[in-house]
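In what follows, residues are counted from 1 in the order of the sequence shown.
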Amino acid sequence: MSAEDFQKKVSLRDSLSGDIENECGGSGVGSTSSTVGSGVASQTLVLLRSLLEIQQRRAQAYANLKSGFSEYVESGAEAFYQKLCSEITTEFSECSKQVREMESLFLNPEVGRADLAKLLSDIQTQEKQKLHLTVTIQVLKKAGRPSERMLTHENCKFKKPMQHECVHLHEITEAAGTEEAEADAEFDNALKEAIRGVQDAVTSINEYLEDIRYEIEALEADG
């Protein structure tokens with residue numbers, strides 16, 4: 001999923017202008033109030049449909065990130081995973097840029113849909129939270145529970161090829177056991193909290209998108 005393979009980076013204003021003109025029958029602003037109203041409704045419809053397409057791109061990006069992380073866990077290919085993260089970041093950044101441009105268009109006095117601009121802003125907030133927590137989950141899973149993390153022996157002293165003094169060996173004490181249990185509990189809580197946060201964000205996003213679909217249906221009915 002190379003950044004070069006993503007959808008060609010173009011300004012939303014430019015990419016939508018042709019569609020808006022086609023649906024509005026020209027510039028979208030006529031000589032009568034009815035023509036103006038029809039043009040604005042058509043423009044709004046184009047923007048909302050484009051938003052749904054952007055959300056589909058985001059969903060695909062998350063699917064790619066999830067499958068890529070699973071592959072990384074199995075293969076340990078660090079370079080592949082880092083490249084994937086960079087490309088996913090580029091894709092999400094482009095999606096966010098386009099949604100922000102939509103917000104600006106909805107706030108334009110000619111459109112006058114501050115309610116939809118607010119809805120898009122809310123979606124952006126939840127998408128940002130979802131991405132942050134998704135990355136947190138992968139970082140935690142990548143590190144593993146403290147008690148299950150594999151040890152390396154880079155700092156150990158080797159006397160013979162098959163014998164060494166392991167710096168990790170220590171007397172098992174009640175205090176040490178308690179400390180390890182606390183570290184595991186902290187890890188588990190952090191992971192559960194991040195997962196719950198992602199689920200809450202997804203629920204909120206779906207609710208906002210349902211509102212968007214209702215708006216699209218209303219505009220189509222009026223048209």
Any I212 side-chain heavy atom under 4.5 Å of L119 side chain: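 Answer yes - side chains close enough.
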Flag side-chain contact, heavy atom, 4.5 Å: R100 against S104: no
Shortest non-hydrogen contact from [X] to [Y]?
X: F187; Y: L140; result: CE1-O, 3.2 Å
X: N64; Y: L84; result: O-CD2, 3.9 Å
X: G68; Y: F80; result: O-CE2, 3.5 Å
X: D184; Y: P146; result: OD1-CD, 3.1 Å
X: E91; Y: A61; result: CG-CB, 4.1 Å

Test side chain to side chain contact (heavy atoms under 4.5 Å, CB included) applied to I123 and I54, D211, V99, L51, the passing residue: L51
Side chain to side chain donor-acceptor pair (under 3.5 Å) involving [X] - partner list, sequence neighbours excluded:
X: Y81; value: Q138
X: Q56; value: none
X: D122; value: K118

Do [X] and [Y] share a hydrophobic cluster, counting only Ile, Leu, Val, Met, Phe, Trp and Tyr and linking them when any side-chain heavy atoms are less than 4.5 Å apart?
X: Y72; Y: I88; answer: no
X: L107; Y: V40; answer: no
X: V73; Y: L65; answer: no

Donor-acceptor under 3.5 Å (S93 side chain, T89 main chain):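 No, S93 side chain to T89 backbone: no donor-acceptor pair under 3.5 Å.
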Any donor-acceptor N/O pair, S70 side chain to K66 backbone, under 3.5 Å: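 Yes.
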Rounded to the nearest 0.5 Å, what separates atom [atom1] in [X] from atom [atom2] in [Y]?
X: L131; Y: Y62; atom1: CG; atom2: OH; value: 4.5 Å
X: Y214; Y: I216; atom1: OH; atom2: CD1; value: 12.5 Å
X: Q98; Y: L47; atom1: CD; atom2: CG; value: 11.5 Å
X: F92; Y: K130; atom1: CZ; atom2: NZ; value: 7.0 Å
X: N206; Y: Q126; atom1: CG; atom2: CD; value: 11.0 Å
X: L219; Y: Q43; atom1: CG; atom2: CD; value: 11.5 Å

SB check R213 E210 (cutoff 4.0 Å):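 Yes, charged N to carboxylate O under 4.0 Å.
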Flag for Q55-E127: side-chain donor and acceptor within less than 3.5 Å: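 Q55 and E127 do have a side-chain donor-acceptor pair below 3.5 Å.
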Worked verdict on F69 versus V135 for side-chain contact (heavy atoms from CB on, under 4.5 Å): CA-CA 10 Å; F69 181 71; V135 172; over 6 Å; no
Residue among E215, E220, E217 satisfying salt bridge (Lys or Arg N to Asp or Glu O under 4.0 Å) with R49: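 It is E220, the one option of E215, E220, E217 that forms the salt bridge (Lys or Arg N to Asp or Glu O under 4.0 Å) with R49.
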Side-chain donor/acceptor pairs under 3.5 Å, residues 190-203, sequence neighbours excluded:
| unit_1 | atom_1 | unit_2 | atom_2 | d |
| --- | --- | --- | --- | --- |
| T203 | OG1 | Q199 | O | 3.0 |

With sequence neighbours excluded, residues passing salt bridge (charged side-chain N to carboxylate O under 4.0 Å, His left out) with K128: none
Test salt bridge (charged side-chain N to carboxylate O under 4.0 Å, His left out) applied to E87 and K83, step by step: CA-CA 6 Å; E87 292 165 352; K83 182 173 182 292; 2.4 Å; yes
Non-neighbouring partners of Y208 that pass ring pair (Phe, Tyr, Trp, His ring centres under 6.0 Å), sequence neighbours left out: none
